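These numbers were taken from a predicted model, which means no experiment stands behind them. Whatever order the structure lists them in is the order used to number ligands and atoms, beginning at 1.
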Amino acid sequence: MCNKSSNQLPDRVLDLGDPGKPEDSDVHLYESRGETAAYICLSHCWGKSQHITTELGTLSARKAKITWNELPKTFQNAIVFTRRLHIRYIWIDSLCIIQNDPTDWFKQASKMPEIYENAYVTLAATFSPDSSTGCFTRADECYKAQAFAVEDLDGKKHQLFVRRHVPHSLLGGRHSKLEIDAEYPLLTRAWVLQERLLSPRVLHFGRHELFWECKASAACECSFLDQVEPAYLDKVRHHERLNCNRNNHAELVHDWHRIVELYTTLNMTYEKDKFNAISGLARRVNRMESEYVAGLWMDSMVADMLWEVPVPGERPSVWRAPSWSWASVKSRVKYVSELRNNQKVDSYLDILGGKTVAAGENDMGELASGYLDVDAVFTIVSLAIYARPEGSLALPEPTLAVNHKVFNPPEKGTGTGLSFIGDSVKLDCWILPTTNETSFPGYGTDLQTRQFICMRFASVGNYEYSMLLSCVDYPTQKYERIGLVTEYRGGGGARKMPWDSEQSFRTRICLV
Ligand SMILES: [Zn+2]
């Protein structure tokens with residue numbers, strides 16, 4: 001299913017000349033004329049090292065000749081490998097896209113899905129933090145089998161081979177982020193996720209071994225990956241869901257959530273690239289008749305808004321997405337675990353309309369603005385905020401430790417003035433104290449509250465989800481999301497919810 005030997009060439013490729021040329025021969029940039037030929041893509045970290053690129057001023061020189069010594073080691077190694085496979089063309093982003101021409105950049109970026117999908121194979125310089133490190137390496141001695149002479153109980157001699165277990169980061173969660181950063185810097189880059197998922201086959205140059213991913217399986221030299229169940233392989237799972245389950249809407253919704261979860265763990269140099277670097281995947285996933293709005297899909301909007309932030313951080317320094325989009329935070333996001341059980345999502349939200357405006361030519365790229373008009377039921381809640389314990393180094397200054405609990409407004413509550421209603425509140429980002437906060441008697445000065453409104457929007461299984469909202473502009477009823485509240489309804493919905501009280505009200509607001 002991954003086997004396609006030749007396809008239409010991208011607009012520009014590096015021409016390596018006839019197979020049989022010396023491996024370190026000079027190359028040149030070739031502008032194709034729609035012909036069909038096999039080519040290879042390179043996936044690599046740009047890193048901090050300066051390397052050769054193509055710009056408007058150097059285009060004609062690159063088309064004439066690129067000498068071997070001008071190429072950084074990663075490009076040289078990839079070219080040698082391509083020549084050994086008897087393939088004439090290789091596509092390398094920094095040389096095949098004119099870096100200082102926004103029109104060409106947009107044109108090529110929008111062709112990214114085809115460029116990677118049509119490649120014979122993508123070579124991934126997975127262990128290289130930059131283009132000067134290369135693809136080829138030698139495994140550390142500890143990962144190579146060492147022979148030991150042993151004797152069994154009958155005195156028979158045997159040889160035992162022992163080696164250390166090679167880390168395998170394609171299995172999310174088995175290795176710490178630090179390990180992945182150190183061993184596989186390429187896999188921490190946001191742009192690379194779509195390169196990996198779109199390519200029919202990827203050959204990774206790891207620090208200790210070569211490993212392989214295609215639409216159907218994964219494999220590696222030490223044979224560990226060969227035995228992994230396909231369900232744990234992101235690439236295999238993505239293709240299965242995309243190609244086999246085109247008509248299964250719930251599966252496609254889950255696939256997108258998984259992509260978002262993976263993607264938000266990755267790093268990017270420019271905050272504004274958040275939508276650009278995933279737009280190739282969005283274009284492929286594109287569900288028929290569904291509109292893509294700020295990284296979410298209109299036909300599954302309520303489910304797509306069920307993301308939460310396990311460790312709240314900051315918003316980007318410059319606005320890049322409406323607050324109901326996962327792209328409005330810099331942190332890793334996670335979809336609520338109830339969704340994984342394939343349970344039906346009940347919506348309590350009427351989406352009356354909504355729109356996003358693209359900032360550039362890429363209609364799935366950077367945004368200039370976005371909103372949703374909704375009609376829903378609201379209730380007023382107070383969030384208890386604990387000040388950072390003195391001397392604690394756990395959180396950066398200025399910040400708040402938040403005990404993730406929502407309380408009824410004190411004047412309407414019982415006894416102490418606080419009645420616990422919430423199971424968990426996950427904030428999207430740190431919120432700062434304001435001057436009108438009130439301290440609660442008996443709770444000391446470390447407990448303060450601030451009032452917010454909560455919008456009921458979904459239930460899945462026995463859980464109710466509401467959005468914690470903060471007012472941005474009262475006259476126009478503009479609110480922004482600041483967190484997700486999860487409440488356990490109890491079996492059969494027995495538990496009384498805040499929505500059942502007379503404090504709740506229905507209205508229409510604009511979510512920005
Ligand atoms: Zn292995």
Side-chain angles (χ1 to χ4, degrees), residues 1-3 40-45 47 73-74 77-78 80-82 84-85 116 119-131 133-148 150 158-189 191-240 258-259 261-263 265-267:
M1 107 166 129
C2 320
N3 186 21
I40 277 176
C41 281
L42 175 66
S43 184
H44 66 110
C45 285
K73 197 168 164 196
T74 301
N77 287 175
V80 166
F81 201 90
T82 304
R84 287 184 194 171
L85 290 177
Y116 283 95
Y120 177 72
V121 63
T122 292
L123 303 180
T126 306
F127 83 93
S128 312
D130 57 42
S131 52
T133 317
C135 304
F136 304 153
T137 178
R138 287 194 181 279
D140 289 346
E141 283 303 312
C142 62
Y143 296 114
K144 291 183 193 158
Q146 315 280 333
F148 290 91
V150 289
H158 300 273
Q159 254 197 331
L160 199 64
F161 290 88
V162 179
R163 63 164 170 76
R164 207 165 140 181
H165 181 75
V166 178
H168 294 83
S169 70
L170 290 180
L171 303 168
R174 297 271 180 101
H175 292 274
S176 71
K177 200 178 166 305
L178 275 178
E179 255 181 311
I180 296 173
D181 287 355
E183 297 279 337
Y184 307 104
L186 184 73
L187 301 183
T188 67
R189 305 305 304 168
W191 279 96
V192 172
L193 181 67
Q194 64 177 14
E195 298 174 5
R196 235 185 98 196
L197 294 186
L198 292 167
S199 301
R201 336 185 223 188
V202 185
L203 180 63
H204 293 273
F205 291 86
R207 190 178 298 281
H208 313 294
E209 59 171 359
L210 289 175
F211 53 101
W212 169 266
E213 283 187 288
C214 63
K215 294 178 185 175
S217 65
C220 65
E221 286 183 88
C222 83
S223 79
F224 177 87
L225 285 182
D226 311 32
Q227 297 145 33
V228 174
E229 289 282 326
Y232 294 101
L233 300 166
D234 292 322
K235 184 166 169 64
V236 174
R237 240 172 42 153
H238 171 65
H239 283 286
E240 268 175 9
R258 177 69 189 141
I259 288 174
E261 287 177 342
L262 267 177
Y263 182 66
T265 63
L266 306 174
N267 309 323

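No hydrogens or angles considered: nothing links the side chains of T74 and N77 as a donor-acceptor pair under 3.5 Å.
Relative ring orientation between F211 and H204 is described as parallel, the plane-to-plane angle staying below 30° on a 0-90° scale split at 30° and 60°. Under the 30°/60° scheme for interplanar angles, the aromatic rings of F136 and F81 are found to be tilted. Between Y143 and H208, the ring-plane angle classifies as tilted under the 30° and 60° cut-offs.
The Zn ion (ligand 1) has H168 NE2, E209 OE1, E209 OE2, C220 SG, C222 SG as its protein N, O or S neighbours under 2.8 Å.
Taking every heavy atom of both residues into account, A78 and T82 meet most closely at O-OG1, 2.7 Å.
Sparse packing is recorded around CZ of R164, with 12 or fewer heavy atoms of other residues, nucleotides or ligands lying under 6.0 Å away.
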